[in-house]
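Accompanying notes for the structure given below.
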Amino acid sequence: MLNEDLILETINMIKLYNLDIRTVTMAISLRDCADSDIDVVCENIYNKITKYAGNLVEYANEFENDYSIPIVNKRISVTPISIVGESCKNPDYVKIAKTLDRAAKDVGVNFVGGYSALVEKGMTKGDKLLIESIPEALAQTERLCSSINVASSKAGINMDAVLKMAEIVKKSAELTKEQDGIGAAKLVVFCNTPGDNPFMAGAFCGVGEPECALNVGVSGPGVVRAAVDALGKDEDLSALANKIKQIAYKITSTGELVGRKLAKRLGVPFGVIDLSLAPTPAIGDSVAGIFQAMGLEHAGAHGTTAALAMLNDAVKKGGIMASSHVGGLSGAFIPVSEDAGMIEAASNGYLTFDKLEAMTSVCSVGLDMIAIPGDTPVETIAGIIADEMAIGMINKKTTAVRIIPVVGKNIGDEVIYGGLLGKAPIMSVNKLSSAGFVRRGGRIPAPIHSLNN
């Protein structure tokens, strides 16, 4: 049962420590929009999105006012578009991308996710066409986000797809070089992607999801830091973990209340609550700041991975007790450009690329919003993706890569995106070549523990 008295305790968290509903994301199945004619597909997609999401922003704004809880983003996720478009005799995925963008603009949401394909075991004709179209689609739209799943613990790693996505990431950055590669910032490569994730750029409506559902993403790293600070420096790590669980419970209860009431108002099922400590560039709203409150001098110090593992686990344990339907990613995000403390650590050299990779073995997602030199070879980017996919595959967890090779920028430079995307220093990558390995192609087989059915 939801305890509304408990939820009232979160008011100070909202006012003082940046607690917010980071996103309400309406997942809409487009499986019934398929047709042999591309124009009919686009019309079906536009009509269905505007039908279900027409009141999403209005009602979310009303709940934001009623409960005085900020709802930062209103978003839509749809069925992977590679599936929807491949029945066309004259497939034009960029045309579908523009339709999605127009529908998102007309209903007033911030982003639409689902320009996606699932290719961990291989690619269909539709998958190939969609992947090839990604750079142009992202360059010609404003709200569209794209994600491709290239690996899983059951299927292994599709190295052909890894190399192809490295090429697509670089081309996406090049086509948007006037905006410092913003196209690549809206593209993510996954292992073990969840189909109910409300967070961009990886959100899509999984094929096993209902016709429509409302998923909610809650964030509160500032709240967690304040709780850790208040606990004092003499309490041991067991007490610290317990305190984080208690705070995560309260945060999740808040998201559950808003999500269920908003879903009922919209006349759609409530999907999942995703409690992810997703930071912002705002001072005090930092996952890296939590590490400092725990006792580390800064993110990147030895012990950072252990601190992140404890934080991620405590968040999940607290969240699962507050809701019967926790899903999505749920945990702690470590995006470099979106976290003031991570930006500082990377700029000062405390946080290296290799340390970030180690941290992804225990965080909620992976290598996120990392800017690298624009002349980084495609094969090196493929090696980075392959390493991250291996971490996810072996550990049976979601991992991802959202990396931005910024054209014309090099070590010591900085890119500024503004808003939630923040800013990032250009980080160095290993200069050794990965070409001979990644160009072998084929699939890296799934680990032995995949045979568990």
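Numbers here simply count residues along the sequence, with the first being 1.
Separation of atoms CG (Asp387) and CG (Asn430) is listed at 10.0 Å; rounding is to 0.5 Å. Separation of atoms CD1 (Ile247) and CG (Asn242) is listed at 11.0 Å; rounding is to 0.5 Å. In this structure, Met342 CE and Asp368 CG are separated by 9.0 Å, a value rounded to the nearest 0.5 Å. Interatomic distance, CG of Leu138 versus CD1 of Ile182, reported as 10.0 Å (0.5 Å rounding). Leu277 CG to Leu329 CG: the interatomic distance, rounded to the nearest 0.5 Å, is 12.0 Å. Note that CG of Leu421 and OG of Ser337 are 6.0 Å apart. Values are rounded to the nearest 0.5 Å.
Ring centers of Phe333 and Phe199: under 6.0 Å apart, within the cut-off.
Taking 4.0 Å as the cut-off between side-chain N and carboxylate O, Arg402 and Glu388 do not count as a salt-bridged pair. Look at Lys317 and Asp313 and you find a salt bridge, because one of the NZ, NE, NH1 or NH2 atoms lies within 4.0 Å of a carboxylate O, short of that distance. A salt bridge is defined here as a Lys NZ or Arg NE, NH1 or NH2 lying under 4.0 Å from an Asp or Glu carboxylate O, and Arg102 with Glu142 fails to meet this definition. By the 4.0 Å N-to-carboxylate-O rule, Lys171 lies too far from Glu167 to be salt-bridged with it.
Between the side chains of Asn158 and Glu120, no donor N or O sits under 3.5 Å from an acceptor N or O. Defined by atom type and a distance below 3.5 Å, a donor-acceptor pair is present between the side-chain atoms of Asn192 and Ser153. Under 3.5 Å, the side chains of Lys48 and Ser29 contain no donor-acceptor pair of N or O atoms. Side-chain atoms of Asp274 and Ser276 form a donor-acceptor pair, as typed in the model, at a separation below 3.5 Å. A donor-acceptor contact closer than 3.5 angstrom is absent between the side chains of Asn215 and Thr25.
Evaluation of the side-chain contact (heavy atoms from CB on, under 4.5 Å) rule for Ala306 yields no partner, not counting sequence neighbours.
Counting heavy atoms from C-beta outward, Thr398 and Pro194 have side chains that approach closer than 4.5 Å. Inter-residue side-chain proximity for Ser147 and Phe204 is flagged as met; some heavy-atom pair is nearer than 4.5 Å.
The side chain to side chain contact (heavy atoms under 4.5 Å, CB included) test with Asp180 is passed by exactly one of Ile404, Ile416, Val406: Val406.
A donor-acceptor pair under 3.5 Å is formed between the side chain of Ser361 and the backbone N or O of Ala358.
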Practice task
Check step by step if side-chain contact (heavy atoms from CB on, under 4.5 Å) holds for Val162 and Met165.
Solution key: CA-CA 5 Å; Val162 166; Met165 286 311 301; over 6 Å; no

Practice task
For Val365 and Thr360, run side-chain contact (heavy atoms from CB on, under 4.5 Å): C-alpha distance rounded to whole Å, both residues' side-chain angles, the deciding distance at 0.1 Å, then the answer.
Solution key: CA-CA 7 Å; Val365 190; Thr360 65; over 6 Å; no

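For NZ of Lys154, the number of neighbouring non-hydrogen atoms (other residues, nucleotides, ligands) closer than 6.0 Å is greater than 12.
Cation-pi check for Arg265 over Tyr59 is met; the charged atom lies under 6.0 angstrom from the ring centroid and within 45 degrees of its normal.
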Side-chain donor-acceptor contacts of residues 69-83 below 3.5 Å, not counting sequence neighbours, with atom names and distances?
unit_1, atom_1, unit_2, atom_2, d
Asn73, ND2, Arg22, O, 3.2
Lys74, NZ, Asn61, OD1, 3.0
Lys74, NZ, Ile71, O, 3.0
Thr79, OG1, Leu30, N, 2.7
Ser82, OG, Ser116, O, 3.3
Ser82, OG, Asp127, OD1, 2.9

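For residues 409-424, there are no side-chain hydrogen bond (donor to acceptor under 3.5 Å, both in side chains) pairs, not counting sequence neighbours.
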